[in-house]
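No hydrogens, no waters, no symmetry mates; every other heavy atom, side chains included, goes into these values.
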Amino acid sequence: MKNVFSVIRLLTAIPLLLLFSSFAMANDPIETGTFNNKAIYGYDTVAYFTDGKAIKGKDNISSEWNGAVWQFSSSTHKTMFDAEPEKFAPQYGGHCAYAMSKGRFVGVDEEAFTIHNDKLYLNYSKGVREDWLKDKDGFIELADVEYPANID
C-alpha cells in the first residue's frame with residue numbers, strides 16, 4: 001500500500017513540475033527569476049559600477065524599466081539608473097553571459113560578475129565566471145548574436 005501512495009504522489013507532482021519548468025524556461029528579456037519581477041533578484045545594478053560589489057537594493061527605492069523592477073541601495077543610484085538605464089543594466093538582460101554564448105537562458109549568482117569595457121556581465125556561478133574569463137571577448141561575441149535572436 002505504501003508503494004501505491006508513492007506512485008500517486010509522483011504522478012501528482014509531474015504536472016506541477018512541468019508547469020513550473022515552463023516558467024523557468026521562458027526567454028524573457030530581463031532575468032527576474034521564476035516568482036518575482038525583480039531584475040538581478042533585487043540587487044542594485046549601479047552598485048556593481050560604483051562600489052565594485054553586489055549590494056542588495058531596497059524595496060522602497062526602485063524603478064520599472066524594460067518590464068522589470070530594478071531596486072537600488074540609494075536614491076543616488078536610482079537617479080543614475082533612471083538617467084541612463086542602458087549604461088547600468090547587465091548585458092543579456094541579466095542572464096548568464098557564458099550560457100548566453102551557447103544560446104541558453106540561465107539565471108545568475110549576483111556575486112559572480114565582471115565589469116568589462118564599461119558593461120556589466122553576470123554569470124551562473126563564480127566557477128562559471130572563471131571559465132568565462134578565459135575567453136570573455138569570444139564568449140561576448142557569440143552571446144551578442146544569441147541574445148537578441150532568442151528573446152520571446
N/O donor-acceptor pairs under 3.5 Å from side chains in residues 84-91, not counting sequence neighbours:
none

- Query: For the residue pair A97 and N123, what are the closest heavy atoms and their distance?
  - Reply: N-ND2, 3.8 Å
- Task: Compare all side-chain heavy atoms of E64 with those of N37 and state whether any distance is below 4.5 angstrom.
- Result: no
- Task: Taking all heavy atoms of I30 and all of A39, pick out the closest pair and write down the distance.
- Result: CG2-CB, 3.9 Å
- Test salt bridge (Lys or Arg N to Asp or Glu O under 4.0 Å) applied to D59 - qualifying residues, sequence neighbours left out: K38
- Message: For S125 versus D109, what's the shortest heavy-atom pair and its separation?
- Response: CA-CB, 4.0 Å
- Task: Flag yes if L133 and Y124 sit in one hydrophobic cluster, no otherwise; membership is Ile, Leu, Val, Met, Phe, Trp, Tyr, and two members link when side-chain heavy atoms are under 4.5 Å apart.
- Result: yes
- Could you pull out all residues at least two apart from Y98 that satisfy ring pair (Phe, Tyr, Trp, His ring centres under 6.0 Å)? F139
- List in chain and number order the residues that pass side chain to side chain donor-acceptor pair (under 3.5 Å) with T50, two or more places apart in sequence or in another chain; answer none if no residue qualifies. H77
- Item | Distance (rounded to the nearest 0.5 Å) between Y48 OH and Y121 OH | 15.0 Å
- Task: Using the rule that two of Ile, Leu, Val, Met, Phe, Trp, Tyr join whenever any of their side-chain heavy atoms come within less than 4.5 Å, decide whether Y43 and F49 are in one cluster.
- Result: yes
- CD1 of I140 to CG of D135, rounded to nearest 0.5 Å, is 9.0 Å
- Task: Look at the aromatic rings of F105 and H95 and report parallel, tilted or perpendicular, splitting at 30° and 60°.
- Result: perpendicular
- Task: State, to 0.1 Å, how close V69 and S62 come at their nearest heavy-atom pair, and which atoms those are.
- Result: CG1-CB, 3.9 Å
- Task: Hey, could you give me the CD1/OG1 distance between I40 and T32, rounded to the nearest 0.5 Å?
- Result: 11.5 Å
- Message: Tell me every residue that passes side chain to side chain donor-acceptor pair (under 3.5 Å) with N66, counting only those two or more places apart in sequence or in another chain.
- Response: none
- Item | Over 12 foreign heavy atoms within 6.0 Å of NZ, K53 | no
- Query: What are the two closest heavy atoms between V128 and C96, and how far apart are they?
  - Reply: CG1-SG, 4.1 Å
- Can you tell me how far CD1 of I61 sits from OG of S75, rounded to the nearest 0.5 angstrom? 4.5 Å
- Query: Are the side chains of E110 and Y41 in touch, meaning some heavy atoms are under 4.5 Å apart?
  - Reply: yes
- Contact list for residues 123-134, test salt bridge (charged side-chain N to carboxylate O under 4.0 Å, His left out), sequence neighbours left out: E111-K126, D131-K134
- Minimum heavy-atom distance A99-V106, with the two atoms named: CB-CG2, 3.5 Å
- Task: Report the residues that fulfil side chain to side chain donor-acceptor pair (under 3.5 Å) with D118, sequence neighbours left out, ordered by chain and then residue number.
- Result: none
- Contacts of type ring pair (Phe, Tyr, Trp, His ring centres under 6.0 Å), residue F81, not counting sequence neighbours: W65, W70, F72
- Note on the structure: For K78, the side chain to side chain donor-acceptor pair (under 3.5 Å) test, sequence neighbours excluded, returns S63, D82
- To the nearest 0.5 Å, how far apart are CG in L142 and CE in M100? 12.0 Å
